[in-house]
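Written below as structure tokens is the structure these notes are about.
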Amino acid sequence: PEHQFDVILFSDGVYTERGGLYLADTCTSLLRPGGLVVGALPGRRAGIKSFEGDMDGRFGLRREVRVNEALQRAAVHVREGAAQGLVVGEELEEGYRLVVWKAHNGRR
């Protein structure tokens, strides 16, 4: 289909149980067979656990990488010279990780 993608990338997309369900539904409808969903997820937040369980059930294949402390520090660095009031980040919750799900070829 025309409006499907090989890779879906998101960060901080889940804040509630319902939001997790909506994000999983969106990933399912927009991802091409064989595609990847890559998400940056905190260790603890409302809706995260059920979102991950839902995604695991839909896509099956999963990899997880913990974000090390140096990368976390870089991610929250305020950039000098950025547009006034623009902050790249202020703090990062503990336990952040990158999670990758792979859609089955032919069916999801």
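Just so it is clear, the structure is predicted and the values come from calculations on it, not from any experiment.
Using a cutoff of 4.0 Å between basic side-chain nitrogens and carboxylate oxygens, Lys49 and Glu17 are not scored as salt-bridged.
Note that CG of Leu98 and CZ of Arg66 are 11.0 Å apart. Values are rounded to the nearest 0.5 Å. Taking CG from Leu36 and NZ from Lys102, the interatomic distance works out to 6.0 Å, rounded to the nearest 0.5 Å. Rounding to the nearest 0.5 angstrom, the gap separating the CG atom in Leu21 from the CG atom in Asp54 is 6.0 Å. Distance CD/Glu64 to CG/Leu41: 8.0 Å, rounded to 0.5 Å.
Crowding of Arg18 atom CZ: a count of heavy atoms from other residues, nucleotides or ligands under 6.0 Å not exceeding 12.
Of all the heavy atoms in His3 and Leu30, the pair that sits closest is O-CD2, 3.4 Å. When all heavy atoms are compared, the tightest approach of Val14 to Ala46 is CG1-O, 3.8 Å. Between Leu31 and Ala103, the shortest heavy-atom contact is CD2-CB, 3.6 Å. Between Pro42 and Arg97 the shortest heavy-atom distance is O-NH2, 3.3 Å. In terms of heavy-atom proximity, Gln4 sits nearest to Ser29 at NE2-O, 3.1 Å.
In this structure, the side chains of Pro33 and His104 stay at 4.5 Å or more apart for every pair of heavy atoms. Between Arg62 and Glu52, the closest side-chain pair of non-hydrogen atoms falls below 4.5 Å.
Between Trp101 and Phe10, the ring center distance fails the sub-6.0 Å criterion.
Criterion: ILVMFWY side-chain heavy atoms under 4.5 Å apart, direct or through other members. Under it, Leu9 and Ile48 are not part of a common hydrophobic cluster. Criterion: ILVMFWY side-chain heavy atoms under 4.5 Å apart, direct or through other members. Under it, Val99 and Ile8 are part of a common hydrophobic cluster. Under the 4.5 Å side-chain heavy-atom criterion for Ile, Leu, Val, Met, Phe, Trp and Tyr, Val37 and Phe5 are members of the same hydrophobic cluster.
For the ring-ring contact (aromatic ring centres under 6.0 Å, His included) condition, no pair includes a residue of residues 17-40, sequence neighbours left out.
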